[in-house]
Visitor: 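Below: one structure in structure tokens.
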Amino acid sequence: MPSLLVRLLVIVLCLCAESSLAAEPPSSDVLLLDDNTPSLQIGTVVSSWIDEGSHATIEQVLDGAARFKPVPALNRNSLNKYDALWIKISVRRAPGSKVRWTLNLPLPFVDHVTFYSTDIAGQWKAQQAGDMLAQTDWHRPGLYPDFDFDLPDNAPQNIYLQVHNFKELAIPIRLASVRQREIQRQQEFIGLGLMFGALLCLTVLSMLRYLEHRKAIDGWAALFALLVAATLAQITGVLNASLWAYVPELGNSASNFMPVIAVGSTLLFIRSVFVLHVHFHRYDRFLSSVGWGTIASVLLFALVDRFIADRVCAMIMLFAALIGTGATVLSWHQGSTVGRWMMIALLPQFFALTYMLCETVGLVPLLWQMRYLTSACVAVSIPILMYALTQLTHDRKELVVRANHLPTQDALTGLLTPEVFQTHLEDAVQRAIDHREPLALVMVQVTNHEHIRQVYSDTTAEQCLLRAVVKIQRILRDVDPAGRVGTAQFGLLMEGVTTRNALTERMVKLVGSGLIPLPGLVPEVTLHFQAACVLLHENPVPPERVLGDLRDLLAGISPNTRRPIRFLEAAATQASALGPTGEPA
């Protein structure tokens, strides 16, 4: 299963890379913008320059102060909080092209980007974006930097990007026509809307479960789903465009610490879902320590330089993801019903986080789609975690129900005990008297139970009793009470049965089903049922002695009888002697 997941992930990565490469323009010093190719990503060569100290202005760059050199478009640039990266791109409109063009950088976390281009009058204008700027200062408010530019004629024109970021960064640059860019935005918003809508629905569902059952785990599940939704919103730029629109400082910091908190919380939630402390006590405690330690590591952003804190927290997140995957593997090997689904959910996240960390330190090329692929993997894992929690809650509830039913149910068959069945009988008789409703009582006996026990074993005899209960329940409604009133005797209450024929039909089905050999037993074993019946609305035997009368009726039936179904007849009455006046004496 893990190897298959690795292959699937590699296929997805190759498809993402292939889609990016398919949109690359041919290698040339000047990019030709053609209406027939409304969207492309620069993947060849651009001219770049690192401005140490960030002192240069656009005028100085135009005057030749910048020493541009050709580099791969997705080259990792050695940036820090003091320097600025300048990128120069030469573009030209294709003959006959009429559409307007846009440029975007699909990086919601980039600190500050300034885009320089000339207007129709030939004047240089600046457009700004970045998560260190309020959305009101962006040229086009959105999830990530997005700019537009004019190409008044078919002559080549230079456009410039000035990028500030606190750490190394590769810049994916996408060009698209205005119309195509609007289509891209709509597709992005629809996809994000569906993802966040599903996560919020799961949050509400967990909250409703908490309000209904008052279980703390459901409340924590609601908070966890909300935290994951908020983290994905931060990663994809939704929070920066909405909640932090006017406080970019908070948004800039949230991009660093929210993923760390989400990873740590995922470990703690996994610990509550997988009961590892039963078989892996030390690993369970270690998992808890790593989870809380991951959350506490965000304090590094307040204590050390942001670049150092980011690198350390990235390593901690990778380690935490590895520990969480290990917990899933252990639970899977222990036979957890949801372990397989958790493996499917967490392994892609682990590989995606590993790729992004290697991308941060420059070991693998930039794949900007990986951030969105990781978000999708995290979003898919939340329903699986909720399913695991539902299974856990269901199993615990079943244990509680069984514990509560122990005083009222027979330990072997699960039917009512004789005392509880007697209570149901008295209540049913009283309802029949009050409302004049038909009521039937049947005592069923497995006559060959003792023979099976002696010939085969006690275990086989118990299995036969369980099979007998299954056959009996098939002729009962869900609301009809049934109890074990003897070693191999069962009492059945059937409300609404009006005639002997209707009751006899059910008993015939039961007797016939008992003659079908039990599967898996060699030689073949059958169950011989006998039934003593009474219609209490016709023969109102008092409930305190009716079971005894039916038991006596069964005792008088021969094991080899051809009439295994008998009815309890009313006791014969004698006429009273009349006195001299004709009245009863």
Visitor: Indicate whether any N or O donor in one side chain lies under 3.5 Å from an N or O acceptor in the other, for N501 and T504.
Guide: no
Visitor: List the atom of P259, the atom of A254, and the distance in Å for their closest heavy-atom pair.
Guide: CD-O, 3.8 Å
Visitor: Report yes if some heavy atom in the side chain of I316 is under 4.5 Å from a heavy atom in the side chain of V260; otherwise report no.
Guide: no
Visitor: How far does CD1 of I270 sit from CG of D284, to the nearest 0.5 angstrom?
Guide: 12.0 Å
Visitor: Can R271 and L267 be said to form a side chain to side chain contact (heavy atoms under 4.5 Å, CB included), step by step?
Guide: CA-CA 6 Å; R271 180 174 179 263; L267 288 190; over 6 Å; no
Visitor: Have Y144 and E188 got a donor and an acceptor in their side chains that come within less than 3.5 Å?
Guide: yes
Visitor: Is there a donor-acceptor contact under 3.5 Å linking the side chains of E182 and Q186?
Guide: no
Visitor: Let me confirm one number: the CD1-CG distance from I472 to L415, rounded to the nearest 0.5 Å.
Guide: 7.0 Å
Visitor: Determine, step by step, whether Q454 and E450 satisfy the side chain to side chain donor-acceptor pair (under 3.5 Å) criterion, reporting the C-alpha distance in whole Å, the side-chain angles of both residues, the deciding distance to 0.1 Å, and the verdict.
Guide: CA-CA 6 Å; Q454 292 178 358; E450 183 64 23; 3.1 Å; yes
Visitor: Using a 3.5 Å distance criterion without hydrogens, assess whether the side chain of T561 forms a donor-acceptor pair with backbone atoms of P564.
Guide: no
Visitor: When you measure from the side chain of S513 to the backbone of L510, do you find a donor-acceptor pair of N or O atoms at a distance under 3.5 Å?
Guide: yes
Visitor: To the nearest 0.5 Å, what is the distance between OG on S289 and CD1 on I323?
Guide: 10.5 Å
Visitor: Are the side chains of N539 and E569 in contact, using a 4.5 Å heavy-atom criterion?
Guide: no
Visitor: Go through the steps to decide whether N240 and Q234 satisfy the test side chain to side chain donor-acceptor pair (under 3.5 Å), and finish with yes or no.
Guide: CA-CA 7 Å; N240 282 347; Q234 182 63 46; 3.1 Å; yes
Visitor: Could you measure the distance from the CG atom of L226 to the CE atom of M207? Nearest 0.5 Å is fine.
Guide: 8.5 Å
Visitor: Return the minimal non-hydrogen interatomic distance between Q422 and P543, and the atom names on each side.
Guide: NE2-O, 3.0 Å
Visitor: For R285, does its backbone N or O pair with a side-chain atom of S288 as donor and acceptor, under 3.5 Å?
Guide: no
Visitor: A side-chain contact here means heavy atoms from C-beta on lying under 4.5 Å apart; do I452 and D458 qualify?
Guide: no
Visitor: Measuring from atom CD of Q473 to atom CZ of F490, what distance do you get when rounded to the nearest 0.5 angstrom?
Guide: 10.0 Å
Visitor: Do the side chains of E495 and R431 get close enough for a salt bridge, i.e. N-O under 4.0 angstrom?
Guide: yes
Visitor: Just so I know, are the side chains of Q445 and R551 near enough to count as touching, which here means a heavy-atom distance under 4.5 Å?
Guide: no
Visitor: Passes side chain to side chain contact (heavy atoms under 4.5 Å, CB included), D480 versus L493? Steps please.
Guide: CA-CA 6 Å; D480 291 335; L493 269 176; 5.9 Å; no
Visitor: Heavy atoms, side chains only, cut-off 4.5 Å: are V446 and C464 in contact?
Guide: no
Visitor: If every non-hydrogen atom of L143 is compared with every non-hydrogen atom of T236, which pair is closest and at what distance?
Guide: CB-O, 3.7 Å
Visitor: Please report the C-alpha distance between L425 and L536 in whole Å, then the side-chain angles of each, then the deciding distance to 0.1 Å, and finally whether the side chain to side chain contact (heavy atoms under 4.5 Å, CB included) criterion is met.
Guide: CA-CA 11 Å; L425 172 61; L536 292 176; 4.2 Å; yes
Visitor: Could you tell me if R500 sits above the aromatic ring of F567, with its cationic atom closer than 6.0 Å to the ring centre and no more than 45 degrees from the axis?
Guide: yes
Visitor: Do Q530 and T447 pair up side chain to side chain, a donor and an acceptor below 3.5 Å, judged on atom types alone?
Guide: no
Visitor: Quick one: are L268 and L287 in side-chain contact, heavy atoms under 4.5 Å?
Guide: no
Visitor: Do L553 and D549 come close enough that some side-chain heavy atom pair is under 4.5 Å?
Guide: no
Visitor: Just by modelled atom types, is the T413 backbone N or O under 3.5 Å from a matching donor or acceptor in the D410 side chain?
Guide: yes
Visitor: Would you say that more than 12 heavy atoms from the other residues, nucleotides or ligands in this model lie under 6.0 Å from the CZ of R563, or not?
Guide: no
Visitor: One pair to check against side chain to side chain contact (heavy atoms under 4.5 Å, CB included): E505 and K509. What are the steps and the verdict?
Guide: CA-CA 6 Å; E505 288 180 2; K509 291 180 180 178; 5.5 Å; no
Visitor: Any side-chain heavy atom of I565 sitting closer than 4.5 Å to one from V508?
Guide: yes
Visitor: Checking R453 side chain against A461 main chain: does a donor-acceptor pair fall under 3.5 Å?
Guide: no
Visitor: Please check this pair: side chain of H537 against backbone of L439, looking for a donor-acceptor N/O pair closer than 3.5 Å.
Guide: yes
Visitor: Measure across F421 and L492 and return the closest heavy-atom pair with its distance rounded to 0.1 Å.
Guide: CZ-N, 3.8 Å
Visitor: To the nearest 0.5 angstrom, please state how far the OG atom of S206 sits from the CZ atom of F224.
Guide: 10.5 Å
Visitor: Could you give me the CA-CA distance, side-chain angles and deciding distance for R484 and Q489, then say whether side chain to side chain donor-acceptor pair (under 3.5 Å) is met?
Guide: CA-CA 6 Å; R484 187 183 183 190; Q489 293 179 337; over 6 Å; no
Visitor: Mind listing the closest non-hydrogen atom pair of A320 and T294 along with its distance?
Guide: CB-OG1, 3.6 Å
Visitor: Between V442 and A531, which heavy-atom pair has the shortest distance, and what is it?
Guide: CG1-CB, 4.0 Å
Visitor: Check whether the side chains of S457 and T460 place a donor and an acceptor atom closer than 3.5 Å, and report yes or no.
Guide: yes
